[in-house]
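Worth saying up front: this structure is predicted, and the values here are computed from it rather than measured. Chain A is the first sequence line, chain B the second, and so forth, proteins listed ahead of strands; every chain is numbered from 1.
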Amino acid sequence: MSKTRQKPAERRRSFNARVYEIVRIIPTGKIMTYGAIGRLIPPPRGVDGGAYEKVRARWVGYALADCPDDIPWHRVINAAGRVSPRPGYDGMRQRILLEQEGVIFDEHGRVNLQDYLWTPLASWLTRHGLRPARG
DNA sequence: TCCTTGACTCAGA
DNA sequence: CTCTGAGCCAAGG
């Protein structure tokens with residue numbers, strides 16, 4: 001019988017799909033980090049959980065490297081609160097897009113994650129009239 | 001098949 | 001605070 005084990009390519013395709021699904025629902029003016037998105041996606045079959053933790057953040061980055069046009073990719077930044085620079089692109093366009101949504105960058109090109117980080121849980125709590133616990 | 005690179009993150013120095 | 005190296009997977013030369 002076929003073990004139907006996922007090939008790397010298929011694995012990547014479904015992983016990317018999950019990433020897009022999440023990024024698509026980040027509200028305007030809010031941001032998420034690569035790592036935060038990765039933590040919401042369970043390890044694919046065939047990938048060791050421990051190893052997955054080490055690479056998921058990068059996978060999210062790879063997924064956004066070639067994402068559909070309807071994905072608000074600019075709302076994803078790194079854990080340091082900065083726009084991740086990449087080869088041949090300084091990230092200025094991404095910063096401008098975020099600023100147009102009201103996101104404030106400090107003099108070091110960083111945003112306050114406390115203010116802008118979006119999590120589905122916090123959103124859910126708010127919808128139900130509950131106040132997200134801090135800490 | 002080997003080697004390098006990549007939109008990350010964390011722990012150390 | 002900044003800078004490095006490690007850790008892990010996949011794609012391309």
### Query
Taking C-beta and beyond as the side chain, do A:R75 and A:M32 meet within less than 4.5 Å on heavy atoms?
no

### Query
Does atom CZ of A:R93 have more than 12 heavy-atom neighbours from other groups under 6.0 Å away?
no

### Message
Distance check needed: C:dC9 C1' versus A:N16 CG, whole Å only.
### Response
13 Å

### Query
What is the distance from OH of A:Y62 to C1' of C:dA11, rounded to the nearest Å?
10 Å

### Task
For A:K54 and C:dG7, give me the distance from atom NZ to atom P, rounded to whole Å.
8 Å

### Query
Whole-Å distance between B:dA11 P and A:E53 CD?
12 Å

## Note on the structure
To the nearest angstrom, the CZ-C1' distance between A:R58 and B:dT9 comes to 9 Å

### Task
Report yes if at least one side-chain N or O of A:R56 is closer than 4.0 Å to OP1 or OP2 of C:dG7; otherwise report no.
no

### A:F15 CZ - B:dG6 C1' separation (whole Å)
14 Å

### Query
If you link I, L, V, M, F, W and Y whenever their side-chain heavy atoms are under 4.5 Å apart, who else ends up in the same group as A:Y116?
A:I31, A:I77, A:V83, A:L98, A:V103, A:I104, A:F105, A:V111, A:L113, A:L117

### Query
Do the non-hydrogen side-chain atoms of A:Y52 and A:P44 ever get within less than 4.5 Å of each other?
yes

### Message
Just the rounded figure in Å: distance from C1' of B:dA7 to CZ of A:R12.
### Response
12 Å

### Message
Categorize A:A51 for me: base, sugar-phosphate, or nothing, with a 4.0 angstrom heavy-atom threshold over every strand shown.
### Response
sugar-phosphate

## Note on the structure
Against the side chain of A:R86, the closest entry in C:dC9, B:dC8, B:dA7 is B:dA7

### Query
In whole angstrom, what separates A:D66's CG from B:dG6's C1'?
12 Å

#### Entry: A:R11 vs C:dA10: side-chain N/O to OP1/OP2 distance below 4.0 Å
yes

#### Entry: Contact under 4.0 Å: A:R82 side-chain N or O vs C:dT2 OP1/OP2
yes

### Query
What distance separates A:I25 CD1 from A:K30 NZ, expressed to the nearest 0.5 Å?
14.0 Å

### Query
B:dC10, C:dC9, C:dC1: which one has an atom nearest the side-chain heavy atoms of A:R110?
C:dC1

